[in-house]
Amino acid sequence: MSKNIAIVGATGAVGQELIRVLEKRKFPVGSLRLLASARSAGKTMKFAGKDLPVEELKEDSFSGIDIALFSAGGSISKKFAPIAVKAGAIVVDNSSAFRMDPGTPLVVPEINPEDIKKHKGIIANPNCSTIILLMVVAPIHRINPVKRIVVSTYQAASGAGAVAMEELRTQAGDYLAGRDVKPTVFPHPIAFNVFSHNSEMDFENGYNQEEIKMVKESHKILHTDDIAISPTCIRIGTFRAHAESIHLQLRDPVDLEKVRAALAAFPGVRVVDDRKKNYFPMPLEASGEDDVLVGRIRHDIGSSDGREMDMFCCGDQILKGAALNAVQIAELV
Ligand code: A2P
């Protein structure tokens, strides 16, 4: 049965991709309402060969809507998601506003689809770095429980939205032309640079909010607090795919063949792991791909008991890290 869909934040980096993912996956769309700020009202965007108008998001925007896909930031979600639910819509929210609310399911469809059933109107889409991490950790956790994760991220500009991608493009041109580089979206130059993630830092423990999200959200999605997780989140000057270097400590000794087989069999994961050709996951090759790419799968040579392993993955932050995951959730409601 076809559904009437609204996209809140349709003009943003994730919003634009939501439109494409609905098209590509042939989602049964009855009607599509594109919502954004007053700045975008009157623009048109293409869906299924037709030009659709962008409307200003208002309190009465949700009448007749079955599913509302939100990607316009936490404050918009906090205000408008309950309004959409009241109007009868089911909300799939890409912001962090409701993720840790005990009554709101937080879902990666390949990992915990059963949680969707518990929703009370809102289903939260996890943080992009968390989704990409768990897509390659969950298959291993199922065959040999994970006890500890140490992860370092290499995060693309897209996580901070379309304006951040534009900042990277502009700065790259300025830098190469020898002009001054002026950061506005990020606190530091993003082109040709690497810096600690720009989310709020807890001065007591030295972790930033992105890192704390990865810890808390992973526990919620995997239904356990028993995995010790220490992330280091880093921004790099790539456009739209996040990379992550992952160290795992497992309960039992690591059987690499079984790990590889579990990863290869997991939907949405592709093993790219050719040691002879030095060919492993790269952000450029993960960009535009639905699958999370994983490689560098190896024993930790420093491990004394054979229970530790390492790997490296890349996933498109806008697709599996956001829009694709949200549409997959919508397909299940
Ligand atoms: P607009 O393009 O009109 O500013 P991104 O994550 O790429 O930065 O995109 C943010 C999205 O959220 C855009 O679609 C943006 O619309 C939308 N947005 C921002 N502020 C508002 C608002 N006050 N009301 C509705 N949509 C908003």
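Note that this is a predicted model, so its numbers are computed, not measured. When a ligand or atom number is given, it counts from 1 through the structure's own listing order.
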Inset, instruction - Flag the pair V292 / V136 as yes when at least one side-chain heavy-atom distance between them is below 4.5 Å, and no otherwise. - result: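 The answer is yes; the side chains approach within 4.5 Å.
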
Legend entry - Heavy-atom check, side chain of D305 versus side chain of E308, under 4.5 Å: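 A side-chain contact under 4.5 Å exists here.
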
Inset, instruction - Please write out which residues are connected to F203 in a hydrophobic cluster, directly or through intermediates, given that two of Ile, Leu, Val, Met, Phe, Trp, Tyr count as joined at side-chain heavy-atom separations below 4.5 angstrom. - result: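 Traced through the cluster, F203 reaches M201.
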
Inset, instruction - Report the hydrophobic cluster partners of I301, with the cluster defined as I, L, V, M, F, W, Y residues connected by side-chain heavy atoms closer than 4.5 angstrom, directly or transitively. - result: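 Hydrophobic cluster check, I301: no partners found.
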
Between ligand 1 and the protein, give all atom pairs where both partners are nitrogen or oxygen and the distance is under 3.5 Å, as lines of names plus distance to 0.1 Å.
| residue | atom | partner | partner atom | Å |
| --- | --- | --- | --- | --- |
| ligand 1 | 2 (O) | T11 | OG1 | 2.5 |
| ligand 1 | 2 (O) | S40 | OG | 3.2 |
| ligand 1 | 3 (O) | S37 | N | 3.1 |
| ligand 1 | 3 (O) | S37 | OG | 2.5 |
| ligand 1 | 3 (O) | S40 | OG | 2.5 |
| ligand 1 | 4 (O) | S37 | OG | 3.4 |
| ligand 1 | 4 (O) | R39 | NE | 3.3 |
| ligand 1 | 4 (O) | R39 | NH2 | 2.7 |
| ligand 1 | 7 (O) | A13 | N | 2.8 |
| ligand 1 | 7 (O) | A162 | N | 2.7 |
| ligand 1 | 14 (O) | G9 | O | 3.1 |
| ligand 1 | 14 (O) | T11 | N | 3.3 |
| ligand 1 | 14 (O) | T11 | OG1 | 2.6 |
| ligand 1 | 14 (O) | G12 | N | 3.0 |
| ligand 1 | 16 (O) | T11 | OG1 | 3.2 |
| ligand 1 | 26 (N) | S37 | N | 3.2 |

Inset, instruction - If a pair satisfies salt bridge (charged side-chain N to carboxylate O under 4.0 Å, His left out) and one of its residues is in residues 222-240, list it, with sequence neighbours excluded. - result: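 Qualifying pairs: E17-R240, R240-D316.
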
Legend entry - Salt-bridge criterion met for E289 and R270 (N-O under 4.0 Å):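 So E289 pairs with R270 through a salt bridge.
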
